[in-house]
Each structure stands twice: as structure tokens, then as C-alpha cells.
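Below is one structure, written out as C-alpha cells; the observations come after it.
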Amino acid sequence: YIGNFTNGQIDSKDAKIMYDNGNLKFKGNVSNGKYEEDGELFYITGGIQYKGPFANGKYEGDSGCIYAASGNKGYEGSFKAGKSFFFLLV
């Protein structure tokens, strides 16, 4: 990561965090070192893992989507504290 830090934590509205292999790990808002608001999280291989809202570093909101490593959608919908709405019902 190259960009703004506040109190030793990543702090950027347009952060791009990379894996050691150079692939993108996260793109979006980071506040006090935690993913916030809309963002995209990627697998180390480069494929998208999650796209949607974050709160306090976890998946949060009504419009998130988890993707399998193959690129296929695994779940699309609501999340609370990093868990899917489906998981909360089970």
C-alpha cells in the first residue's frame, strides 16, 4: 500500500492494497485500518472475492456479493457483521 496513514493505520477514501505477489487485495475506502463503505476484496490469485459495503472491516449491508474462486457468484444479498443473511437464518 502506498498512501495516507493516520496514527499508523491506513486511511484513504480510494485505497489500493496489494498482496506481496503484486495482485490487488482490496480497493475502496479504508478508515483507521478497517474497510469501510463500498469496496472490493480480491483473492490472492487476482479474482474478485467480495464486492459491496463494509462496516468496521466486515461485510455489512443489503447489496453485497461473494464470489467463488472460479468467478461465479456464491451469494448475493444482505450481510450483518460479516455474515450473510442466509447464514443468520440457519
Side-chain angles (χ1 to χ4, degrees):
Y1 170 78
I2 298 172
N4 296 329
F5 285 87
T6 302
N7 297 323
Q9 299 290 328
I10 295 173
D11 192 34
S12 175
K13 295 275 185 202
D14 189 25
K16 290 182 181 163
I17 301 170
M18 312 302 277
Y19 286 107
D20 288 339
N21 68 3
N23 286 345
L24 190 60
K25 178 178 184 179
F26 177 81
K27 179 172 70 170
N29 187 25
V30 179
S31 180
N32 294 318
K34 296 182 180 177
Y35 306 150
E36 298 288 347
E37 301 172 4
D38 287 333
E40 297 177 11
L41 186 63
F42 297 86
Y43 289 105
I44 196 167
T45 55
I48 190 158
Q49 181 177 0
Y50 173 81
K51 182 177 182 177
F54 289 84
N56 204 29
K58 298 181 179 178
Y59 309 156
E60 181 80 30
D62 294 329
S63 60
C65 187
I66 290 181
Y67 295 84
S70 65
N72 295 327
K73 284 184 182 180
Y75 172 81
E76 186 171 16
S78 298
F79 291 86
K80 179 80 176 158
K83 296 186 171 123
S84 69
F85 182 69
F86 174 78
F87 177 79
L88 296 172
L89 291 175
V90 178

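In this text the structure is predicted, and so the values were computed from the model without any measurement. Atom set for the values below is all heavy atoms of this structure, side chains included, hydrogens, waters and symmetry mates excluded.
Ser70 meets the side-chain hydrogen bond (donor to acceptor under 3.5 Å, both in side chains) test with Asn72; sequence neighbours excluded.
Using a 4.5 Å cut-off between side-chain heavy atoms of Ile, Leu, Val, Met, Phe, Trp and Tyr, Tyr19 falls into a hydrophobic cluster with Ile44.
Contacts classified as salt bridge (charged side-chain N to carboxylate O under 4.0 Å, His left out) and involving residues 52-69 (residues at least two apart or in different chains) are given here: Glu60-Lys80. Under the salt bridge (charged side-chain N to carboxylate O under 4.0 Å, His left out) criterion, the residue pairs touching residues 67-77 are Lys73-Glu76, with sequence neighbours excluded. Judged as a salt bridge (charged side-chain N to carboxylate O under 4.0 Å, His left out), the pairs with a partner in residues 15-38 (not counting sequence neighbours) are, in order, Lys27-Glu40.
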Which side-chain N or O atoms in residues 3-15 pair as donor and acceptor under 3.5 Å with protein atoms at least two apart or in another chain?
from, atom 1, to, atom 2, distance (Å)
Thr6, OG1, Asp11, OD2, 2.9
Ser12, OG, Asp14, N, 3.2
Ser12, OG, Ala15, N, 3.4

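For an aromatic pair to be called close, the ring centres must be under 6.0 Å apart, and Tyr50 with Phe79 satisfies this.
Considering every non-hydrogen atom in both Ile48 and Tyr67, the closest pair reads O-CB, 3.2 Å. The nearest pair of heavy atoms linking Pro53 to Ser63 is CD-OG, 3.8 Å.
Residues Phe26 and Tyr1 share a hydrophobic cluster, clusters being chains of Ile/Leu/Val/Met/Phe/Trp/Tyr side chains in contact below 4.5 Å. Following chains of ILVMFWY side-chain contacts shorter than 4.5 Å, one cannot reach Tyr43 starting from Ile17, and the two form parts of different hydrophobic clusters.
Using a 4.5 Å heavy-atom threshold, the side chains of Tyr75 and Tyr59 count as separate. When side chains are defined from C-beta on, Phe42 does not count as touching Asn23, because their heavy atoms never get closer than 4.5 Å.
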Q: Take Ile66 and Gln49 through the test side-chain contact (heavy atoms from CB on, under 4.5 Å) and record every step on the way to the result.
A: CA-CA 6 Å; Ile66 290 181; Gln49 181 177 0; 5.5 Å; no

